[in-house]
Structures are given as structure tokens and as C-alpha cells.
Amino acid sequence: GQFISKIVGIPIRADINHLIHVMKNTKRLDVDKILACKTRLQVRLLNADTRRKEYFEIPSDFSEGQYFNFVKAAISMRYITRPVNINGARYRDAAWNARADFEHLQHAISSEATDILVIYNRHQQKENTLKFEDLLSRQQDRVFEICPEPKWTLGSYETRADVLKQAAIQ
């Protein structure tokens, strides 16, 4: 359901069930098309019981319900929303930091993937991976990166529509 929490005195509202409802009904996400793609979809989640990060590959024979369970876990916010039950264990989004950027890249590079697309949400994420440039440079033929320009000034919690639209067209 809907959870409301306060962090540093700021009320945070997270209605993940509503977001899933919108993706299933209002602005329908075609899960069958996503699962039919040849590209393997992987998700990294935190097992709330063992406190370990785990990677899952989403198989093409997943049901829509199973797919949305993983989506729900991947967008659940620590300390704000409850973990999601998947195969008898509780999962939530794994916290992200500079170390996680490296771990995620390392996981992708050590996989059998022929092409790896890295999409950075912020330019700082790219800067975090520069210290691991040798890891990336050895994989030049299969790693591709998309990174926002440093001059873009989107905040982590930007909600102003005009700012978001301007950043999207830059």
C-alpha cells in the first residue's frame, strides 16, 4: 500500500502499489514485449533477511505478476517501504553508492553478455567508475556508456516539470 515516512523532517510519500497499478492498467507496460527481447534483463536486489545483494536474471517465461514483483522490489525504498516477497525471501532495492557502481559493472563484465550498456543517472556515477577505468578499457568492444553532461543540474529528487523537460532535451 501507501507508506509515509519522515526523513530529516521531510515527509516522504511512496505509493508503489499505485505505480504498479498505473503500469499494469493506465499506461500499460507491455511485459510480453520486454520478456520477448533477446537482451537478458537482470536486476540487483538486497535480500532483507540475509542483508546480501543478489542478482536475478528475469527469464522470458515469467508471468506478468512475477515481473511486476521484481519491479516492485527494485523500486522499494529502504526505511520507507516494506520488502517484497519473492520465492519465499524478502527483497528490496539495493542501496547505491560508488562501491555499488563498481560491483554492478564487475558483475556485468564477468557475465557472458556480448554487449553491456551502462546508463548513468548522474555524471558523478561516471566519475565513480573512472577509478576502475582499466576494468572498462579491457572490455571496450562490449561496454557502451550513456552519461549525462556535467552541466546538467538535475537533483536526485527533482520534481519541477520544466527542469525535467529541459534536461531531457539537452
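Predicted model only: the values in this text are computed from it and were never measured. Heavy atoms only: backbone and side chains are in, while hydrogens, waters and symmetry mates are out.
How far CZ of Arg44 is from CG of Leu46: 8.5 Å, rounded to the nearest 0.5 Å. Phe62 contributes atom CZ, which lies 8.5 Å from atom CG of Leu35 (distance to the nearest 0.5 angstrom). The structure places NE2 of His18 at 10.5 Å from CE of Met23, a figure rounded to the nearest 0.5 Å. Rounding to the nearest 0.5 Å gives a distance of 9.5 Å between NE2 of His107 and CD1 of Ile116. In this structure, OH on Tyr67 lies 11.0 Å from CG on Asp32, to the nearest 0.5 angstrom. Atom OG1 of Thr114 and atom NZ of Lys38 lie 11.0 Å apart (nearest 0.5 Å).
For the residue pair Ala73 and Ile86, the shortest heavy atom distance occurs at CB-CD1, 3.9 Å. Closest heavy-atom contact between Leu45 and Ala94: C-CB, 4.1 Å. Summarising the geometry of Asp61 relative to Gln66, their closest heavy-atom pair is O-OE1, 4.4 Å, with the distance given to 0.1 Å. For the residue pair Asn47 and Ala89, the shortest heavy atom distance occurs at ND2-CB, 3.9 Å. Residues Ala108 and Ala113 approach most closely at O-CB, 4.5 Å, considering heavy atoms. Minimum heavy-atom separation, Ile109 to Val143: CG1-CG2, 4.3 Å.
Formation of a donor-acceptor pair under 3.5 Å by the Asp49 side chain with backbone atoms of Arg90 is found in this model. Side-chain N or O atoms of Asn69 include none that pairs as donor or acceptor with a backbone N or O of Val84 at under 3.5 Å.
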Decide yes or no on side-chain contact (heavy atoms from CB on, under 4.5 Å) for Leu29 and Phe68, but give the supporting numbers first.
CA-CA 10 Å; Leu29 183 64; Phe68 280 115; 4.2 Å; yes

Apply side-chain contact (heavy atoms from CB on, under 4.5 Å) to the pair Glu103 and Lys53, showing each step before the final yes or no.
CA-CA 10 Å; Glu103 290 170 354; Lys53 297 170 194 128; 3.6 Å; yes

Determine, step by step, whether Leu41 and Phe70 satisfy the side-chain contact (heavy atoms from CB on, under 4.5 Å) criterion, reporting the C-alpha distance in whole Å, the side-chain angles of both residues, the deciding distance to 0.1 Å, and the verdict.
CA-CA 11 Å; Leu41 180 61; Phe70 274 91; over 6 Å; no

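Surrounding CG of Asn87 are at most 12 heavy atoms belonging to other residues, nucleotides or ligands under 6.0 Å away.
Remark: Arg142 engages no residue in a salt bridge (Lys or Arg N to Asp or Glu O under 4.0 Å) (not counting sequence neighbours). Residues satisfying the side-chain contact (heavy atoms from CB on, under 4.5 Å) test with Ser110, not counting sequence neighbours, are none.
Side-chain contact between Lys72 and Leu19 is absent, with no heavy atoms from C-beta onward closer than 4.5 Å.
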